[in-house]
Amino acid sequence: MRYDLVIFDNDGVLVDSEPISNRLLAGYLTELGHPTSYEDSLRDYMGGAMHRVHDLVLERTGRRLPEDFDDVFHGRVFAAFERELEPVPGAVGVLEKLAADGVAYCVASSGSHERIRVGHRKAGLDRWFDDGRIFSSQDVGRGKPAPDLFLHAAERTGVAPERCAVVEDSPLGVQAAVAAGMDVYGFTAMTPATRLAGATRLFADMGELADLLRG
């Protein structure tokens with residue numbers, strides 16, 4: 001293995017949550033008078049922390065979202081996760097291979113710790129991630145596309161950035177990994193390859209990842 005640490009994004013990479021959360025986000029914003037399609041949500045918010053939603057709406061409309069926006073949205077998302085959420089096909093196999101090879105791995109997500117935990121529990125991934133393997137944008141001052149979250153994960157794990165590989169499916173995440181000085185593997189299952197053009201490598205099947213990481 002060419003890397004000492006593999007850092008996974010969570011939504012869309014480990015758990016198949018992007019279709020669920022972006023459908024609900026588009027619907028909720030539209031309810032509040034900010035017409036948003038599913039495609040708009042993927043383009044503007046996929047991979048970003050919640051403050052990005054607030055910032056873009058305020059920038060575009062001059063209006064702030066309700067104070068309880070995050071709580072209401074997450075309540076809808078968690079309820080949908082209980083009904084619908086599954087692991088990304090091939091994700092468990094990658095984790096098994098990394099564990100068997102003794103390669104350190106973690107998750108670094110724009111989502112909250114609660115969202116990560118709820119998703120992992122429903123998708124059956126919680127046994128792979130103890131507290132020391134979970135990092136959230138809540139832990140740093142700036143979320144993706146800033147490099148802070150990935151650098152925080154590397155520092156806490158004791159691995160130099162150049163020895164880290166990031167697995168991402170959003171343009172914001174790819175930008176953050178590049179800014180952190182890390183190799184980044186762009187997962188194109190949901191995102192057009194052209195939007196992940198800054199990635200070190202692109203791949204469409206999670207089952208291919210372990211071999212790609214071995215080089």
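Each residue takes its place number in the sequence, starting with 1. These numbers come from the heavy atoms of this one structure, side chains and all, not from hydrogens, waters or symmetry mates. Since we're looking at a predicted model, the values are computed, not measured.
- Annotation: the span from Leu212 atom CG to Thr200 atom OG1 amounts to 11.5 Å, rounded to 0.5 Å.
- Counting non-hydrogen atoms of neighbouring residues, nucleotides and ligands closer than 6.0 angstrom, the CD atom of Glu155 reaches no more than 12 such neighbours.
- Within the 3.5 Å criterion, the main-chain N or O of Val159 finds no donor-acceptor partner in the side chain of Thr157.
- The hydrophobic clustering, which links ILVMFWY residues whose side-chain heavy atoms are closer than 4.5 Å, places Val77 and Met50 together.
- Between Leu95 and Phe8 the shortest side-chain heavy-atom distance falls below 4.5 Å.
- The shortest non-hydrogen separation linking Ala177 to Val184 is CB-CB, 3.7 Å.
- No side-chain donor-acceptor contact under 3.5 Å links Thr191 and Asp169.
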### Query
When you look at Val6 and Tyr185, which way does the side-chain contact (heavy atoms from CB on, under 4.5 Å) test go after all the steps?
CA-CA 10 Å; Val6 180; Tyr185 290 73; over 6 Å; no

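- For the side chain to side chain contact (heavy atoms under 4.5 Å, CB included) test with Val13, the passing option among Met190, Glu18, Met206 is Met206; the others fail.
- Salt bridge absent: Asp183 and Arg163 never bring a charged side-chain N and a carboxylate O closer than 4.0 Å.
- For the atom pair CD (Glu39) and CE (Met46), the distance works out to 12.5 Å, reported to the nearest 0.5 Å.
- Between Lys97 and Asp211, no side-chain nitrogen of the basic residue sits less than 4.0 Å from a carboxylate oxygen of the acidic one, so the salt-bridge criterion is not met.
- Leu65 pairs with exactly one of Val72, Leu58, Leu29, Asp70 by the side chain to side chain contact (heavy atoms under 4.5 Å, CB included) rule, that one being Leu29.
- Between Arg214 and Asp101, the closest side-chain pair of non-hydrogen atoms falls below 4.5 Å.
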### Task
Check step by step if side-chain contact (heavy atoms from CB on, under 4.5 Å) holds for Thr61 and His34.
CA-CA 8 Å; Thr61 70; His34 306 287; 3.7 Å; yes

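- The shortest side-chain heavy-atom distance between His74 and Val118 does not fall under the 4.5 Å cut-off.
- No hydrogens or angles considered: nothing links the side chains of Ser109 and Asn10 as a donor-acceptor pair under 3.5 Å.
- When all heavy atoms are compared, the tightest approach of Ala153 to Phe135 is CB-CD1, 3.6 Å.
- Across all their heavy atoms, Ala204 and Ala189 have their closest contact at O-CB, 4.1 Å.
- Side-chain atoms of Ser136 and Arg115 include no donor-acceptor pair closer than 3.5 Å.
- Linking ILVMFWY residues whenever their side-chain heavy atoms come closer than 4.5 Å, directly or via other members, places Ile20 and Leu125 in the same cluster.
- Following chains of ILVMFWY side-chain contacts shorter than 4.5 Å, one cannot reach Leu98 starting from Leu5, and the two form parts of different hydrophobic clusters.
- Counting heavy atoms from C-beta outward, His120 and Val15 have side chains that approach closer than 4.5 Å.
- A salt bridge links Arg76 and Glu31; the closest N-O separation between the charged side-chain nitrogens and carboxylate oxygens is under 4.0 Å.
- Between the CG atom of Leu209 and the CZ atom of Phe203 there is a distance of 4.5 Å, given to the nearest 0.5 Å.
- Counting heavy atoms from C-beta on, the side chains of Phe187 and Asp9 never come closer than 4.5 Å.
- In terms of modelled atom types and a separation under 3.5 Å, the side chain of Arg133 and the main chain of Tyr105 share a donor-acceptor contact.
- Taking every heavy atom of both residues into account, Phe129 and Cys106 meet most closely at CE2-C, 4.0 Å.
- Summarising the geometry, atom OG belonging to Ser110 is positioned 6.5 Å from atom CG belonging to Leu149; distances are rounded to the nearest 0.5 Å.
- In terms of heavy atoms, Met182 sits closest to Ala154 at CE-CB, 3.8 Å.
- Taking CZ of Arg142 as the reference point, atom OG of Ser137 lies at 13.0 Å (rounded to 0.5 Å).
- At a threshold of 4.0 Å, the pair Arg121-Asp126 does not count as salt-bridged, since none of the basic side-chain nitrogens sits closer than that to a carboxylate oxygen.
- The two residues Pro161 and Ala180 make their nearest non-hydrogen contact at CB-O, 3.4 Å.
- Judged purely by distance below 3.5 Å, without hydrogens or angles, the side chains of Asp131 and His113 never pair a donor atom with an acceptor atom.
- Applying the 6.0 Å contact sphere to CZ of Arg156 captures no more than 12 heavy atoms from other residues, nucleotides or ligands.
- Annotation: side chain of Leu25 is in contact with side chain of Ser41 (closest heavy-atom distance under 4.5 Å).
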### Residue pair Asp4, Cys164: steps toward the side-chain contact (heavy atoms from CB on, under 4.5 Å) verdict
CA-CA 6 Å; Asp4 297 328; Cys164 297; over 6 Å; no

### Message
What verdict does the salt bridge (Lys or Arg N to Asp or Glu O under 4.0 Å) test give for Arg60 and Asp44, after you've listed the backbone C-alpha separation in whole Å, the side-chain angles of each residue and the deciding distance to 0.1 Å?
### Response
CA-CA 12 Å; Arg60 290 169 174 175; Asp44 293 341; 3.0 Å; yes

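- Note: the hydrophobic cluster containing Val107 does not contain Val166 (ILVMFWY, side chain heavy atoms under 4.5 Å, direct or indirect links).
- The pair Lys144-Glu168 meets the salt-bridge criterion, since a charged nitrogen lies less than 4.0 angstrom from a carboxylate oxygen.
- In terms of hydrophobic clustering, with Ile, Leu, Val, Met, Phe, Trp and Tyr side chains grouped at heavy-atom distances under 4.5 Å, Leu172 and Val53 are assigned to different clusters.
- Side-chain contact between Glu114 and Phe78 is present, with at least one heavy-atom pair separated by less than 4.5 Å.
- The shortest distance between side-chain heavy atoms of Leu196 and Leu202 falls below 4.5 Å.
- The residues Arg23 and Glu84 are annotated as salt-bridged, a charged nitrogen and a carboxylate oxygen being separated by less than 4.0 angstrom.
- The CG atom of Leu56 sits 10.0 Å away from the OG1 atom of Thr36 when rounded to the nearest 0.5 Å.
- Taking the six-membered ring where the residue is Trp, the centroids of Tyr28 and Phe69 are separated by under 6.0 Å.
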